[in-house]
Amino acid sequence: MKHFFKIFFTLFLIQIIIGFTNLLSANLPEVIQQIFHLLNVLISLPLSMIDRTYPFYALGSLSFQIFLFVLNLSLQTLIVFLITKGINLKSRIKE
């Protein structure tokens, strides 16, 4: 469980940093803006597959938007957690 929370907070910090740099990249060259847009699209997965506006541009109250952000972050954390668990299990089997 401790490993899950480490992944959760690491992804949280990464997403906050990418979000702020995306906001501040308005004056940067277009190539860099496109890179930050691509990163923004990637961190909005898997919820953006349900609706393109999720989780960052969803209409609704602030609490609903925070819920979508946390839900998306939790799903991402679960995916990364399961992948790392699978890699650890696979390396233990080989030994």
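- Once rounded to the nearest 0.5 Å, the distance linking CG of L45 with CD1 of I50 reads 11.0 Å.
- The structure places CG of L38 at 4.5 Å from CG of L42, a figure rounded to the nearest 0.5 Å.
- Atom OG1 of residue T21 and atom CD of residue Q33 lie 12.0 Å apart, to the nearest 0.5 angstrom.
- Not a single donor-acceptor pair under 3.5 Å links the side chain of N72 to the backbone N or O of F67.
- In this structure, the side chain of Q76 does not engage the main chain of L11 through any donor-acceptor pair within 3.5 Å.
- Under the 4.5 Å side-chain contact rule for hydrophobic residues, F69 and F20 share a cluster.
- You'll find the side chain of T77 stays beyond 4.5 Å of the side chain of F12, heavy atoms only.
- There is a path of hydrophobic side-chain contacts, each under 4.5 Å, that joins M1 to L73.
- In terms of heavy atoms, K6 sits closest to T10 at O-OG1, 2.7 Å.
- Crowding of H3 atom NE2: a count of heavy atoms from other residues, nucleotides or ligands under 6.0 Å exceeding 12.
- The distance from the CD1 atom of I66 to the CG atom of L62 is 4.0 Å, given to the nearest 0.5 Å.
- Taking CG of N40 as the reference point, atom CD of Q15 lies at 9.0 Å (rounded to 0.5 Å).
- For the atom pair T84 OG1 and I79 CD1, the distance stands at 12.0 Å (nearest 0.5 Å).
- Scanning both residues, F8 and S74, for their nearest heavy atoms gives CE1-OG, 3.8 Å.
- Checked by atom type and distance alone, the side chain of Q65 never pairs as donor or acceptor with a backbone atom of L59 at under 3.5 Å.
- I32 and I43 fall within a single hydrophobic cluster, where Ile, Leu, Val, Met, Phe, Trp and Tyr side chains are chained together by heavy-atom contacts under 4.5 Å.
- Residues L75 and L68 share a single hydrophobic cluster, defined by chaining ILVMFWY side chains whose heavy atoms lie under 4.5 Å apart.
- When the side chains of ILVMFWY residues are joined at heavy-atom separations under 4.5 Å, either directly or via intervening members, F4 and F9 end up in a single hydrophobic cluster.
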